[in-house]
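Remarks on the structure that follows.
Every chain is numbered from 1 and lettered A, B, ... according to where its sequence line falls, protein lines coming before strand lines.
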Amino acid sequence: MSIRDVLSPFSAWKNLFRDPVTIVDPLNDRPGSERYRGFHQNDMEKCIGCGTCEVICQNGAIDMLSVEGVPAQQGDSGLRPRIDYGRCCWCALCVDVCMTGSLTMSNEYKWVESDPDLFRFTPGVDKKHWDQAELGYQRHGDKHLMSRERVDMPELEPESRIDSFVEIVDGYSIEAAKLEADRCVSCGLCIATCPAHMSIPDYIEAVRDGDYERGMKLLYETNPFSEVCGRICTHRCETTCAARHEGDPIAIRWLKRHIIEQVPFENLLEIIGKPQPATGKKVAVIGAGPAGLTAAYDLARKGHEVVVYEAKAAAGGMTRYGIPEYRLPYEALDKDIAVITSMGVEIKYNTRVGPKGVGDIAMQTLQQENDAVLLAVGIQLGRSTRIPGSDHPQVVKAVDLLHDITAGETLKVPKSMVVIGGGNVAMDIARSMARFQLQQHGKIQVTLTALEDRDHFLADATEVKESLEEQIEILDSRGPQSCEIDDKGKLLGLKTWKVLSIFDEEHRFAPKYDQQDEQIHRGEMIIEAIGQMMDVKLLGDELTETLEWNRGRIEIDENGRTSENWLWSAGDCVKGPDVITAVADGHRVAESIDNVINKQEAKA
Amino acid sequence: MSKISGHDRLKSKVSLKEILEVAIEFEQTARDFYADLIPKVGKNIRYLVEELAEEEQEHYDLFSQMAQRDDLEQQLKTEVDRPVNDHKFSDCVHLPDLGDAPDDQTVLQYALMREHAAMEQYHSLAKSTPPGPIHELFLFLANEETKHKNELEKIYYETVHSGGV
């Protein structure tokens with residue numbers, strides 16, 4: 001036995017003076033590491049119920065469920081993720097993909113229950129002690145599974161577009177479209193926002209797959225104006241896109257347009273399919289705008305005989321006679337209309353409907369000769385400010401000028417002009433007249449005055465941006481007071497006062513002006529673009545009296561039927577101006593008409 | 001009700017009784033004007049004229065009741081400075097010709113002008129009367145007219161500025 005063998009048992013005693021390796025109370029004294037992937041937290045203020053976490057979960061551990069007190073609303077499905085810890089593998093993909101950063105993981109990892117069902121819980125809703133834990137796993141600020149930036153849409157530069165009406169936007173290439181489509185997480189929040197409830201995630205998936213015929217079929221299921229909406233839709237869908245929370249929303253409108261551009265027109269009819277056999281029922285539609293033609297398309301596909309009566313020389317309503325070609329070329333609109341007429345819809349152009357003895361065909365005749373009549377005449381008449389001097393011949397309405405441009409009339413455009421209005425029509429007319437000015441005088445001098453301040457313009461932000469690029473002088477917060485005219489009757493310009501506020505504390509229209517801040521905007525022409533209204537004259541006194549009205553608009557039920565059981569109404573004249581809303585309205589009304597005339601048949 | 005002469009209208013001082021009489025006449029003529037207008041306008045805008053007639057009737061009733069209150073009898077004899085805008089207010093008693101079938105914008109613009117004149121009148125009167133029941137009365141009337149004017153402005157914006165197209 002060596003001396004070492006004798007001493008070694010005693011050397012073990014030194015360990016008595018070391019810190020213990022074990023933990024005295026391991027249940028309470030051992031926190032997870034700083035970035036530990038522990039139990040989930042969900043910030044209810046940020047969560048939009050997009051369900052991306054549910055889709056990415058490889059174990060099917062997440063279900064999106066409705067929660068009491070969280071209503072569905074624009075941009076929020078009202079659903080919240082419930083997590084099953086019997087399935088969760090703590091990979092944190094749900095956190096990495098979360099579109100708003102609402103879902104995180106705490107560093108808490110201990111949870112004891114006797115009932116295993118309690119391990120299915122809804123973070124943020126089922127209150128837990130780790131809800132406020134600061135440590136744990138959160139997606140790194142700069143790391144995103146999806147690209148946050150939208151793929152740029154190629155378009156003409158201001159200097160190369162300003163002297164013509166050539167379309168500005170060029171359209172995505174296949175590669176660009178696929179890249180953009182790849183950013184979509186298919187949450188479907190956009191579907192609820194779109195008035196026509198288009199199958200947006202599905203047609204974006206078709207772009208990803210390169211299956212354009214499937215994409216086209218999906219478009220036509222809900223929208224026969226896809227050429228139009230692919231260009232000038234108000235794209236409210238993009239305002240609720242989940243991607244907008246941490247980047248650009250998906251370019252849904254441009255992807256719709258991309259699908260249309262990939263499918264030859266000749267293949268369209270085969271993709272859409274033929275109408276059903278003839279039913280022998282007849283429907284008259286008054287007005288060949290988006291609402292009237294959408295209803296006509298649906299009804300014709302159901303086998304009904306549809307004749308559309310259009311007062312103008314071409315179809316499209318305000319999409320043709322109100323939107324300049326640089327935003328919506330006539331060929332694109334013509335394609336949509338060609339598909340609609342190919343379903344058997346007949347359009348009688350230059351045919352004005354009116355009361356008996358007025359116009360080309362009487363409303364009473366339509367009532368007698370058809371099983372149903374749809375009124376979809378839009379809001380074609382321009383409003384006037386009626387400020388002093390506004391009855392001068394050089395004070396004109398924007399809608400009338402836009403109509404004349406489409407009708408191909410030769411416009412003698414003055415060297416300077418002032419536009420009143422801050423909406424899209426004001427921008428459209430200002431930009432159109434600027435093009436003519438450049439062509440006729442080599443110089444642009446258009447001043448646009450709006451009541452609203454720049455942050456509250458009613459026009460799309462893109463329209464405002466492009467107007468500025470095209471040398472339109474935009475003056476916000478200016479209230480028109482009078483059209484200034486000299487002693488010889490020559491129009492000098494527009495007098496405005498500075499607008500201090502438009503609405504009062506209760507958000508009611510009550511403009512307040514600073515009369516000291518008065519300006520005269522020089523212009524040989526003043527164009528009013530403040531609003532539009534329906535031309536009710538075509539109804540005649542008798543029908544106007546018979547119909548029920550609701551504060552200036554024809555009263556309709558939820559299906560678009562008026563108080564006269566043979567007459568329906570749809571589109572801008574009852575719902576206000578918006579193409580996609582008009583399309584949705586056309587569908588709704590067509591379904592109602594179809595139901596009613598089918599019941600008539602059953603009775604007979 | 002006594003008609004007020006041109007001479008009386010030019011006086012610098014005016015009694016509260018006179019003011020109330022003009023106000024009653026103001027509301028009565030407006031009510032009758034709108035009531036006459038109802039059958040002349042299309043059914044699509046008739047709601048507007050009917051609402052205006054109802055509103056003016058309510059104001060007329062209110063003012064008539066005040067004129068008959070015994071507790072205000074003494075105070076109605078009080079003379080106050082004639083408001084600067086009094087002529088504008090009084091002129092509203094003379095009714096315009098809005099044409100055979102005025103549209104909604106014409107009716108609204110006219111109604112707004114009347115409400116504005118009334119609002120200014122009662123505000124001026126409230127300013128020129130000492131604190132007390134009469135002062136409170138004018139403040140109340142001014143607020144009534146202001147509320148009505150605000151409602152009309154809202155309708156005007158929604159009707160004429162159709163959604164910013």
- Contact origin within Ile554(A) toward chain B - heavy atom pairs under 4.5 Å: neither
- Would you find more than 12 non-hydrogen atoms of other residues, nucleotides or ligands less than 6.0 Å from Asp541(A) atom CG? no
- Message: What I'd like to find out is whether the side chain of Arg383(A) reaches to under 4.5 Å of the side chain of Thr159(B), using heavy atoms alone.
- Response: yes
- Considering only heavy atoms, which portion of Phe457(A) lies under 4.5 Å from any heavy atom of chain B: side chain, backbone, both, or neither? neither
- Given a strict heavy-atom distance threshold of 4.5 Å, which part of Glu452(A) is in contact with chain B: side chain, backbone, both, or neither? side chain
- Item | Electrostatic pair Asp104(B)-Arg551(A), nearest N-O below 4.0 angstrom | no
- Message: Quick check for you: to the nearest 0.5 Å, what is the distance between Ile502(A) atom CD1 and Tyr157(B) atom OH?
- Response: 5.5 Å
- Query: What part of Thr234(A) gets closer than 4.5 Å to chain B, counting heavy atoms only: side chain, backbone, both or neither?
  - Reply: neither
- Message: Quick check on Glu555(A): does its CD atom have over 12 non-hydrogen neighbours (other residues, nucleotides or ligands) under 6.0 Å away?
- Response: yes
- Message: Under a 3.5 Å cutoff, is there a donor and acceptor pairing between the side chains of Arg386(A) and Thr106(B)?
- Response: yes
- Query: Is it true that a side-chain atom of Gln105(B) and a backbone atom of Ser384(A) form a donor plus acceptor pair closer than 3.5 Å?
  - Reply: yes
- Message: Checking the side chain of Lys43(B) only, and the main-chain atoms of Trp549(A) only, is there a donor and an acceptor separated by less than 3.5 Å?
- Response: no
- Query: If you round to the nearest 0.5 Å, how far is CG of Leu381(A) from CG of Asp103(B)?
  - Reply: 10.5 Å
- Message: Which atoms of Ile155(B) are under 4.5 Å from chain A, going by heavy atoms: the side chain, the backbone, both sets, or neither?
- Response: side chain
